[in-house]
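One structure is given here, and the rest of the page talks about it.
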Amino acid sequence: MVKLRMAGAGVNQGAQAVFNGNEAMKRKAGAPLGEIALIEALSRRFGPPPPGVILGIGDDCAALDLGGADYLLWTVDTLVEGVHFDLSFTTLAQLGWKVLAVNLSDIAAMGGEPRHALLSLGWPPERDPALALELAEGLAQAGREYGVAVIGGDTVASPGRLALTLTLTGAVPASQMLRRSGASEGDLIYVTGELGEAAAGLEVLKKRPELDPELKAALTAAHLTPRPRLAAGRLLAAEGLATAAIDTSDGVATDLYHICRAGGVGAVVPEAAAPVSPRVLAAAPYLQADPLKLALMGGEDYQLLFTAHREMVPRLFPAFAAAGLPPPLLLGEIVAGDRVSLVRGGVEVDISGAGFDHFRLDPKTEEI
Ligand SMILES: [Mg+2]
C-alpha cells in the first residue's frame, strides 16, 4: 500500500539508488520505482513535519501532540478491487470488516487504542448501491467489536472498480507510544502469533484445493477477516516491553526490514526459529507452496512484530499470560548491519524487503 507514513516497503535493486527525489525523477525510463523510493521521494516534496507532529512520514501512524497526556494517532488505508480483494473470494461484509481491521492493526502497532473512523467509498455506478449496506454492516460489526465509531465519510462513483479508503484515529499515552525505531543490537525479535495463514488463505481461495474444511475455513478467515492485535500492542506499550514495533502487513521480510532501517540495525532469522503456522505446514503441499515463503514473504497476517531487550524477556511472557494473550513467538535477533538475513541450510540469504511491494515490477525471485 502506498502509505506516506511508511518508511517504505521492499527495496529492489532498481529502486535502491533512488533515495532522493531528484534521482527518482532521473531514473531510467521504464526502470521500476519501488514503493520505498516512491514514498521517500514524495516525503521530500512535503518537507519536514510542522511543530506538534511527533511522528510524520515513516511509521505505522502519524502521531500528533495536541497538548494532552495522549498523542493523537492517525492512519489511513485503501483497499482497491483487483489489487487487495476479489469479490469472487470475499463478501462485502467481510470487506467492510477488513477495511477497518487493517487500520486497527496500525493503531495496535503504536500501542494505541482506536477512536473514530471516516470512510470514503468509491462505488461502481453499475452496482446496486443497496449492496453497500452489506459492506457497512461488516464495518459496523468490526467497529462494535473494537470500540470504533464511524462518524463520517464520502461516497463517490468509481468507474469499474470498488475502492475503499478508511482513515482512523487513536490515542496512546505520550510516554508509552511504540515506534518502528528503537531496536538495537542484541535485541530479540518476536511476533504475536504464527505466520503465513493469511497468505496461505489467499492461495486456498485462488487454487481451491481439496482441504479439510476446518483447515480451509481457518486459513481463508485469516485472509478475509483479520483480527488486529490491539490488546498485545496496548500491553507492550503500557508495560514498556518493546524497543520497536510494527504490524505485519507486507510480509515479515519487509516489515522487519522497516524496523532495521528505522533503527540502523540488521536482523537474523534462523529458519528453525521461524514460527510458521502448523496450518500453513499442513496446507502447503496442497498449494504447491513453500511454507517458509508464505510465512516470511506472504503479507496480511496483521500480527505485531516487535523487538525486546534481553532483560525485558523475563517480564514478557508472564505479562502476556496475565493478560490472557498467547505467548509471543521468537523470530530472530537484531544484529549490527543493515540487512534482514534468513539462515537456511547453514547459508545466509538476504531477504531485506522481499515481501509485498505495490510498485515493484521485478520482485526478488532468488530462492530462499
Ligand atoms: Mg503498518
Side-chain angles (χ1 to χ4, degrees), residues 1-11 34-36 38-40 42-43 54-63 71-80 83-84 98-114 117 142 146 148 164-170 172 177-183 189-193 195 198-199 222-223 226-234 236-237 242 244-263 296-307 331 340 353-359:
M1 289 164 229
V2 180
K3 299 196 284 192
L4 293 182
R5 63 190 182 279
M6 285 174 46
V11 174
E35 192 166 351
I36 190 168
L38 175 61
I39 292 168
E40 293 198 7
L42 288 171
S43 75
I54 306 301
L55 286 175
I57 297 168
D59 216 301
D60 289 274
C61 295
Y71 289 149
L72 172 73
L73 302 171
W74 199 358
T75 186
V76 63
D77 258 303
T78 295
L79 301 182
V80 176
V83 178
H84 300 95
K98 187 165 182 175
V99 74
L100 183 55
V102 299
N103 279 278
L104 288 164
S105 186
D106 281 327
I107 298 287
M110 313 300 290
E113 286 183 349
Y146 294 103
V148 171
L164 303 164
T165 296
L166 189 134
T167 181
L168 178 64
T169 62
V172 62
M177 185 170 68
L178 304 175
R179 303 165 190 245
R180 290 182 178 181
S181 57
I189 307 163
Y190 291 92
V191 283
T192 51
L195 301 172
H223 174 71
R227 306 195 69 85
R229 306 295 157 175
L230 283 158
R234 201 69 285 289
L236 290 169
I246 190 170
D247 70 320
T248 62
S249 56
D250 295 335
V252 160
T254 290
D255 300 315
L256 180 54
Y257 188 46
H258 290 319
I259 295 260
C260 290
R261 285 176 56 83
L296 298 182
M297 297 178 183
E300 299 202 298
D301 276 322
Y302 297 106
Q303 298 288 345
L304 296 184
L305 187 162
F306 65 95
T307 57
L331 179 68
V340 177
F356 190 71
D357 182 334
H358 279 263
F359 297 93

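We count ligands from 1, going down the list as the structure has it; atoms in each ligand are counted the same way.
- Checked against R234 for a side-chain contact (heavy atoms from CB on, under 4.5 Å), the options E113, M110, R229 give a single hit: E113.
- Partners of L72 under the side-chain contact (heavy atoms from CB on, under 4.5 Å) rule, at least two apart in sequence or in another chain, are L64, L66, T169.
- With no hydrogens or angles considered, a side-chain donor-acceptor pair links Q303 and T192 at under 3.5 Å.
- Residues A245 and D60 approach most closely at O-OD2, 4.0 Å, considering heavy atoms.
- At least one N/O/S atom of D106, from backbone or side chain, sits under 2.8 Å from the Mg ion (ligand 1).
- Here the N, O or S atom of D60 that is nearest to the Mg ion (ligand 1) is OD1.
- The atom of D247 nearest to the Mg ion (ligand 1) is OD1, with the search restricted to N, O or S atoms.
- For D250, every N, O or S atom stays at 2.8 Å or more from the Mg ion (ligand 1).
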